[in-house]
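For reference, the structure is listed below as structure tokens.
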Protein chains: 2
Amino acid sequence: MKSPTELTEAFRATGLKVTPQRQLLFRLMHGNTMHPTAEVLYSEASAQMPGISLRTVYQTLTDLASMGELRLIDVGAGAVRFDPNVDEHHHVICQGCGDVRDVYVAGSQALHIEGLDGFSVDSTSILFHGSCASCA
Amino acid sequence: MKSPTELTEAFRATGLKVTPQRQLLFRLMHGNTMHPTAEVLYSEASAQMPGISLRTVYQTLTDLASMGELRLIDVGAGAVRFDPNVDEHHHVICQGCGDVRDVYVAGSQALHIEGLDGFSVDSTSILFHGSCASCA
DNA sequence: TGCTAATTAGCAATTCATGCAAATTAGCAA
DNA sequence: TTGCTAATTTGCATGAATTGCTAATTAGCA
Ligand SMILES: [Mn+2]
Ligand SMILES: [Mn+2]
Ligand SMILES: [Zn+2]
Ligand SMILES: [Zn+2]
């Protein structure tokens with residue numbers, strides 16, 4: 001994801017307004033490696049801006065996602081998680097505490113896939129299930 | 001997943017009753033490669049047994065899953081899908097029609113994972129996103 | 001400073017799934 | 001076969017996550 005300053009320019013350049021709510025979310029997401037849910041971001045945002053609505057958090061996150069600034073990750077645990085890391089990477093989820101961490105996988109493009117009859121593959125998501133150091 | 005006959009024995013052996021509803025779902029799921037959702041199974045079941053409840057469909061499917069007879073797959077598209085194929089395999093989903101197909105991936109255990117600090121991996125789910133032959 | 005289109009907030013609605021309790025029934029024992 | 005009882009099924013309420021809708025607000029520009 002771009003920096004808050006770059007996003008500010010990018011938004012204005014597209015005719016989108018730069019509101020305090022959006023700026024706050026730019027800051028909360030930039031460099032965030034926690035893979036937070038909308039609810040988590042809402043509570044973090046509320047601490048700094050009481051009165052911000054959950055609806056706006058969802059709105060802004062999906063806007064950023066459709067601009068390609070965020071990725072949505074579904075780890076099969078209820079709520080979707082938002083990821084400012086748009087590099088090619090994958091995830092491990094701790095089955096104990098739900099913590100999600102980035103992992104980089106070598107050779108995922110070269111996987112030999114059998115049974116793909118007629119299907120063409122655009123992208124690959126790998127989710128490793130396991131335990132973090134604390135939950136082990 | 002075991003055959004309906006084997007499941008009948010397995011249920012009775014555990015003190016679980018074999019009801020007509022359960023038998024119908026055993027039949028609907030056995031060898032089913034569609035990765036149906038609970039709603040889909042409910043409508044198929046309703047065609048053969050009007051009055052069966054969606055609640056019972058969910059109940060039976062999760063019972064089968066906790067017995068290890070079914071796998072739950074979350075393809076990030078709303079409802080969970082149920083899979084009687086409990087062999088080590090992965091999935092492709094067509095982004096056009098939502099069709100999910102089984103794929104077998106060679107070498108997934110040997111993937112070189114970077115960034116796993118402290119995490120231990122128990123299992124791996126690979127989801128390929130793409131287009132089926134009809135939607136291409 | 002004023003205008004206006006974009007945005008926000010709040011609440012309703014939706015979707016998927018689980019909790020609960022009354023009514024029903026499979027499986028067994030007499 | 002009959003009756004008992006614990007397991008199961010239903011139907012409905014509830015919950016969690018997300019989106020739809022719209023009146024009120026506001027950023028950005030003239
Ligand atoms: Mn990530
Ligand atoms: Mn499968
Ligand atoms: Zn953990
Ligand atoms: Zn398709």
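Convention: sequence-line order gives letters A, B, ...; per-chain numbering from 1. Basis for what follows: all heavy atoms, side chains included, without hydrogens, waters or symmetry-related copies.
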Heavy atoms from C-beta onward define the side chain here; which of dA27(D), dG28(D), dT8(C) lies closest to that of Pro20(A)? dA27(D)
For dA22(C), the nucleotide meeting Watson-Crick or G-U wobble distances (both under 3.5 Å) is dT9(D)
Spacing of Asp74(A) atom CG relative to dA16(D) atom C1', expressed in whole Å: 14 Å
Is there a continuous path of hydrophobic side-chain contacts, each under 4.5 Å between heavy atoms, that joins Met34(A) to Val80(A)? no
Toward the 5' end of DNA chain C, which comes first, Gly51(A) or Arg81(B), by nearest nucleotide? Gly51(A)
Return the value, rounded to whole Å, for the distance between atom CZ of Phe26(A) and atom P of dT7(C). 10 Å
Need the pair for dA30(C). Rule: Watson-Crick or G-U wobble, both distances under 3.5 Å, any strand; none if unpaired. dT1(D)
Please walk me through it: do Ile113(B) and Ile126(A) pass side chain to side chain contact (heavy atoms under 4.5 Å, CB included)? CA-CA 11 Å; Ile113(B) 315 172; Ile126(A) 308 181; over 6 Å; no
d(CZ, Arg12(A); C1', dT7(C)) in whole Å: 14 Å
Residue Gln59(B), side-chain heavy atoms: nucleotide from dA17(C), dT18(C), dT9(D) that is nearest: dT9(D)
Does dT9(D) have OP1 or OP2 under 4.0 Å away from a side-chain N or O of Arg22(B)? yes
Donor on one side chain, acceptor on other, Asn85(B) and His35(B), under 3.5 Å: no
Is Leu54(B) touching bases, backbone alone, or none of the nucleic acid, heavy atoms closer than 4.0 Å? nothing
Do Asp99(A) and Arg101(A) meet the salt-bridge criterion of a basic N to acidic O distance under 4.0 Å? yes
Of the nucleotides dA7(D), dA9(C), dT26(D), which has the atom closest to the Ser53(A) side chain? dA9(C)
Nearest to the Thr56(A) side chain among dA17(D), dC16(C), dT8(C), which nucleotide is it? dT8(C)
Do you know which two heavy atoms are closest between Leu24(B) and Met49(B), and how far apart they sit? CD2-CB, 3.7 Å
Which nucleotide in the list dT7(C), dA9(C), dC16(C) gets nearest to the side chain of Ala79(B)? dC16(C)
Phosphate OP1/OP2 of dA9(C) contacted by Gln21(A) side-chain N/O (<4.0 Å): yes
What is the separation between atom CG on Asp63(B) and atom P on dA7(D), rounded to the nearest whole Å? 13 Å
Mind calculating the distance between CE (Met49(A)) and C1' (dT25(D)) to the nearest angstrom? 14 Å
Which nucleotide sits closest to the side chain of Arg55(A): dC11(C), dT8(D), dG28(D)? dC11(C)
Same cluster or not: Phe26(B) versus Tyr58(B), using hydrophobic residues (I, L, V, M, F, W, Y) connected whenever any side-chain heavy atoms lie under 4.5 Å apart? yes
Considering only dT19(D), dA5(C), dC16(C), which nucleotide approaches the side chain of Tyr58(A) most closely? dT19(D)
If you assign Gly15(A) and Leu16(B) each to the DNA chain C nucleotide with the nearest heavy atom, which residue ends up on the more 5' nucleotide? Gly15(A)
For dC29(D), which nucleotide in any strand shown is its Watson-Crick or wobble partner with both distances under 3.5 Å? dG2(C)
Closest nucleotide among dA7(D), dA9(C), dT26(D) to the Lys17(A) side chain: dT26(D)
In whole angstrom, give the distance that lies between atom CG of Leu72(B) and atom P of dC16(C). 15 Å
Taking atom P of dT7(C) as reference, at what distance in whole Å does atom CG of Leu64(A) sit? 12 Å
Grab the CD-P distance between Glu9(A) and dG28(D) for me, whole Å please. 13 Å
